[in-house]
Protein chains: 2
Amino acid sequence: MAGEGRAEGSGKSRQLDFPRPLTTVDVVIFTILDDSLQVLLMQRPAGEGEPFPLSLALPGGFVDVTKDRDLAACAARKLREKTGVTSPYLEQLGSWGSATRDPRGWSATHAYFALIPADASVLANDARWFPIRGGRLKDKLAFDHGDILATAIQRLRNKVEYTSLPAFLMPAEFTLPDLQRVYEIVLDRPLEKSAFRTRILSADMIEPVAKMRRGPNRPAQLYRLRKGRDPVYFVRTFNPPE
Amino acid sequence: MAGEGRAEGSGKSRQLDFPRPLTTVDVVIFTILDDSLQVLLMQRPAGEGEPFPLSLALPGGFVDVTKDRDLAACAARKLREKTGVTSPYLEQLGSWGSATRDPRGWSATHAYFALIPADASVLANDARWFPIRGGRLKDKLAFDHGDILATAIQRLRNKVEYTSLPAFLMPAEFTLPDLQRVYEIVLDRPLEKSAFRTRILSADMIEPVAKMRRGPNRPAQLYRLRKGRDPVYFVRTFNPPE
DNA sequence: CATAGTTAGTTGTACAGTCCAACTTACTTA
DNA sequence: TAAGTAAGTTGGACTGTACAACTAACTATG
């Protein structure tokens with residue numbers, strides 16, 4: 001019987017005969033829902049030998065070397081399976097690996113983070129949105145997923161200070177005050193209206209559509225993302241608190 | 001005979017009985033030498049079954065599940081083995097994994113990047129510094145190490161625009177013009193002197209020592225890094241080109 | 001010993017973009 | 001018609017960079 005994760009010991013692959021860590025991919029999927037930043041979580045299965053049974057965890061799982069061409073494809077697949085979203089903002093967050101993070105043995109996970117508009121997703125029925133209040137999640141998560149999520153929140157907040165990332169959280173059409181509100185939700189602080197408008201409009205990342213959002217007061221211009229636009233990097237952050 | 005990277009198929013680990021990718025860690029180590037950004041590379045061994053024999057490659061190798069507590073420890077170990085440096089700036093760069101990047105099978109590498117002062121390192125005798133001119137390396141590298149290095153260079157340049165990272169490339173004592181020169185080498189463009197000084201000095205990241213650097217002209221104040229300082233994030237980039 | 005040369009470091013004006021606050025505009029509702 | 005509200009604009013204060021000219025401190029040279 002071979003040891004755990006041990007490769008065959010013959011021929012020219014002789015030097016590969018040592019135990020291999022488990023390899024997984026996890027995805028931190030954010031959206032804006034109910035005026036709050038939310039993250040997609042699943043409940044762990046309860047089967048025999050399953051670690052963290054019934055705990056909440058990030059969507060993810062083992063890399064399937066027969067199906068997954070590469071890590072990004074694996075992450076995109078998991079995102080698609082859980083939300084139906086096929087062309088989101090998806091970037092690599094980092095990787096976490098240690099002897100102890102998974103009780104089944106030495107394991108390493110490759111974490112991605114995705115931004116999607118809530119209205120574009122159809123959730124798998126074992127997945128649910130959980131709100132992030134005050135920059136953190138209430139619940140404890142399985143494995144080191146709490147650390148991974150905290151890193152993702154920090155990375156998101158950081159980038160929102162000087163990029164157009166929140167645009168990927170917006171529905172197809174939105175107003176500038178909508179967009180500003182999303183920035184404020186993520187950063188958890190108010191931004192200055194006129195400076196915000198100047199910055200966004202001069203970034204050439206959105207374009208007006210020939211429609212207005214009507215409501216109980218002055219109508220607002222609707223915009224949409226310019227197609228195929230990469231995120232914009234501003235040369236200043238929004239003025240930081242204190 | 002067990003399959004490649006296949007775990008045992010009994011008891012409660014039943015669900016782990018599938019092939020595992022190879023897991024490696026690679027480190028992109030930068031320094032400043034001869035007025036140029038340089039990266040540490042090794043020559044691949046020529047043994048039978050070795051991929052990319054005699055090609056240049058980043059220092060790295062398989063995770064040893066019996067010796068490495070976690071990924072960062074593994075990266076720190078490789079850095080130490082090749083340079084003798086024990087407390088550098090070390091951050092995770094990302095991970096690369098695919099079916100094709102290593103001819104020996106599905107593999108994933110966890111890449112780190114490190115900044116060290118050239119004068120603090122004693123190289124292993126199979127390692128050498130290679131200059132990066134015009135933002136790229138002349139030579140082709142093994143595996144996808146060319147991609148990894150390109151990503152590292154881009155990340156470094158990006159961060160140098162708005163952080164104090166170059167401070168970690170400096171020797172123990174240095175002058176402000178020294179530091180500015182390092183910024184300029186990494187960014188490959190000149191910076192404005194007075195704005196540079198204002199920014200660095202108000203960041204409170206360095207402190208003067210009671211010595212001057214003497215030379216053939218006006219002496220310059222020597223500084224050192226404040227101890228235990230994390231990198232500083234500026235709220236603006238240096239004014240970008242064009 | 002004076003002067004040229006070189007690099008360190010400072011100063012001043014222009015400019016860009018944010019901050020802050022007040023303002024105008026366009027709509028609904030009472 | 002007036003009050004209320006959110007969208008969007010305007011203007012002055014402030015902060016920090018850009019650019020350029022300046023002063024300071026040293027060495028080398030004739």
Side-chain angles (χ1 to χ4, degrees), chain A residues 35 160-164 166 170 173-185 187 189-224 232-242, chain B residues 35 160-164 166 170-171 173-185 187-224 232-242:
Chain A
D35 245 44
V160 166
E161 291 281 357
Y162 60 91
T163 71
S164 63
M170 306 305 289
E173 298 187 346
F174 54 90
T175 68
L176 275 177
D178 287 347
L179 182 58
Q180 182 173 348
R181 223 161 290 132
V182 170
Y183 270 87
E184 291 172 341
I185 287 167
L187 293 176
R189 71 170 195 268
L191 296 180
E192 207 281 318
K193 185 166 52 162
S194 62
F196 181 83
R197 298 178 67 93
T198 307
R199 174 184 288 212
I200 297 294
L201 289 175
S202 63
D204 196 43
M205 54 187 253
I206 60 178
E207 56 191 6
V209 298
K211 268 189 287 184
M212 306 292 278
R213 151 102 30 102
R214 313 208 143 257
N217 41 40
R218 178 173 176 171
Q221 179 64 54
L222 280 165
Y223 294 86
R224 66 168 167 235
V232 174
Y233 286 72
F234 306 119
V235 299
R236 296 195 194 180
T237 62
F238 289 104
N239 236 44
E242 97 261 20
Chain B
D35 244 44
V160 165
E161 291 280 359
Y162 60 91
T163 70
S164 63
M170 306 304 292
E173 298 186 344
F174 55 89
T175 67
L176 276 177
D178 288 346
L179 183 58
Q180 182 173 348
R181 223 161 291 132
V182 170
Y183 270 88
E184 292 172 340
I185 288 167
L187 294 177
D188 198 25
R189 71 169 195 268
L191 295 180
E192 208 281 317
K193 183 166 53 161
S194 62
F196 181 83
R197 298 177 67 92
T198 307
R199 173 185 289 213
I200 298 295
L201 289 175
S202 63
D204 196 45
M205 54 187 255
I206 60 177
E207 58 191 5
V209 298
K211 267 187 290 183
M212 305 293 277
R213 150 101 33 99
R214 312 209 141 258
N217 40 41
R218 178 172 175 171
Q221 179 64 54
L222 281 166
Y223 295 85
R224 66 168 167 234
V232 175
Y233 287 72
F234 306 119
V235 300
R236 296 194 194 181
T237 62
F238 289 104
N239 235 44
E242 94 260 18

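Not measured: the values here are computed from a predicted model. Note on naming: letters A, B, ... go to the chains in the order of the sequence lines (proteins, then strands), and numbering restarts at 1 for each one. What you see below is based on every heavy atom in this structure, not just the backbone, and it leaves out hydrogens, waters and symmetry mates.
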Side chain of Arg181(B) only, please: which of dA8(C), dC26(D), dA7(D) is the nearest? dA8(C)

Determine the minimum heavy-atom distance between Glu192(A) and Ala195(A), stating which atoms define it. OE1-N, 2.9 Å

Among dT17(D), dG8(D), dA20(D), find the nucleotide with the atom closest to the side chain of Ala195(B). dT17(D)

Integer-rounded Å distance: dT10(D) P and Arg197(A) CZ: 11 Å

Please report the distance, rounded to the nearest Å, between CD in Glu192(A) and C1' in dG12(D). 13 Å

DNA chain C nearest-nucleotide lookup for Asp178(B) and Arg236(A): closer to the 5′ end is Asp178(B)

Just call it for Arg214(B): base, sugar-phosphate, or nothing, with non-hydrogen atoms closer than 4.0 Å on any strand. sugar-phosphate

About how many Å separate CZ of Arg181(A) and OG1 of Thr175(A), when rounded to the nearest 0.5 Å? 6.5 Å

Need one value for Pro177(A): base, sugar-phosphate or nothing, where a base atom within 4.0 Å counts as base even if backbone is also close, heavy atoms only. sugar-phosphate

Side-chain donor or acceptor of Gln221(B) paired with backbone N/O of Val209(B) under 3.5 Å: yes

Gap between atoms CZ and C1', on Arg218(B) and dA4(C) respectively (whole Å): 18 Å

State, to 0.1 Å, how close Val160(A) and Phe238(A) come at their nearest heavy-atom pair, and which atoms those are. O-CE1, 3.7 Å

To the nearest angstrom, how far is Arg213(A) atom CZ from dT28(C) atom P? 15 Å

Between Ile200(A) (CD1) and dT18(C) (C1'), how many Å, whole number? 14 Å

Identify which nucleotide among dT5(D), dT6(C), dG17(C) has an atom closest to any side-chain atom of Asn217(A), counting heavy atoms from C-beta outward. dT5(D)

Send over the distance from Lys211(A) NZ to dC27(C) C1', rounded to a whole Å. 19 Å

Mapping Lys193(A) and Pro219(A) to their closest nucleotides on DNA chain C, which lands nearer the 5' end? Lys193(A)

Please report the interatomic distance NZ(Lys211(A)) to CZ(Arg224(A)), rounded to the nearest 0.5 Å. 9.0 Å

Determine whether a donor-acceptor pair (one donor, one acceptor, N or O, separation below 3.5 Å) exists between the side chain of Ser194(A) and the base of dC19(C). no

Rounded distance (Å) that lies between atom C1' of dT15(D) and atom CZ of Arg199(B): 13 Å

Length of the line joining Gln221(B):CD and dA24(D):C1', which is rounded to integer Å: 15 Å

